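If you're wondering where the values come from, they're calculated on a predicted model, not measured in any experiment.
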Amino acid sequence: MDEHDTRDTHPHTPDVTIHTGGPRHPDPGEIRAELPADLRAEFDDEFRHALKVADDLGDLSQLAHVLAQWQGEMWLRRSPDADRNAEIIARLNAGLPVDTVTAWPPPDQEDT
């Protein structure tokens, strides 16, 4: 480890955690099965690269990042609001305005 590496070196403190299983954390096979062909190819490329980095360097952080990113994608796709979410994301990525709603009242407007 070089002098600029700030990771905790205690053996019981993980730098990253990889979650799999359940609706929020589909495993790579579930992700592949549910993606359309174009996104499946993108996932495969990213996943294979992350596996190679893990094998070459013994570092799982990129693999954890790739899985978390695609698990989030699957969470959005599985949502009953998936089409609306995709539209909002496309508008945001294009720099277009989107309607917003407050998820809860601000503290000064809560019923007491």
Pairing residues for R77 by the side-chain hydrogen bond (donor to acceptor under 3.5 Å, both in side chains) criterion, not counting sequence neighbours: E73

From CD1 (I88) to CG (L76), nearest 0.5 Å: 10.0 Å

Residues 27-39 side chain polar contacts: donor-acceptor under 3.5 Å, at least two apart:
| residue | atom | partner | partner atom | Å |
| --- | --- | --- | --- | --- |
| D27 | OD1 | G29 | N | 2.9 |
| D27 | OD1 | E30 | N | 2.9 |
| E30 | OE1 | D27 | N | 2.7 |
| R32 | NE | D44 | OD1 | 2.6 |
| R32 | NE | D44 | OD2 | 3.3 |
| R32 | NH2 | D44 | OD2 | 2.9 |
| E34 | OE1 | R78 | NE | 3.1 |
| E34 | OE2 | R78 | NE | 3.4 |
| E34 | OE2 | R78 | NH2 | 2.5 |

Check: residues 64-72 side-chain donor-acceptor pairs under 3.5 Å, at least two apart:
| residue | atom | partner | partner atom | Å |
| --- | --- | --- | --- | --- |
| W70 | NE1 | E46 | OE1 | 2.9 |
| Q71 | NE2 | H19 | O | 2.7 |
| Q71 | NE2 | P26 | O | 3.0 |

Minimum heavy-atom distance between A50 and L63, given as atom pair plus value: CB-CA, 3.6 Å

Set of side-chain hydrogen bond (donor to acceptor under 3.5 Å, both in side chains) partners for S61, sequence neighbours left out: D59

Residue pairs fulfilling ring-ring contact (aromatic ring centres under 6.0 Å, His included) with at least one residue in residues 73-95, sequence neighbours excluded: none

All pairs passing side-chain hydrogen bond (donor to acceptor under 3.5 Å, both in side chains) where residues 80-96 contributes a residue, at least two apart: none

V53 reachable from I18 in the ILVMFWY side-chain graph, under 4.5 Å edges: no

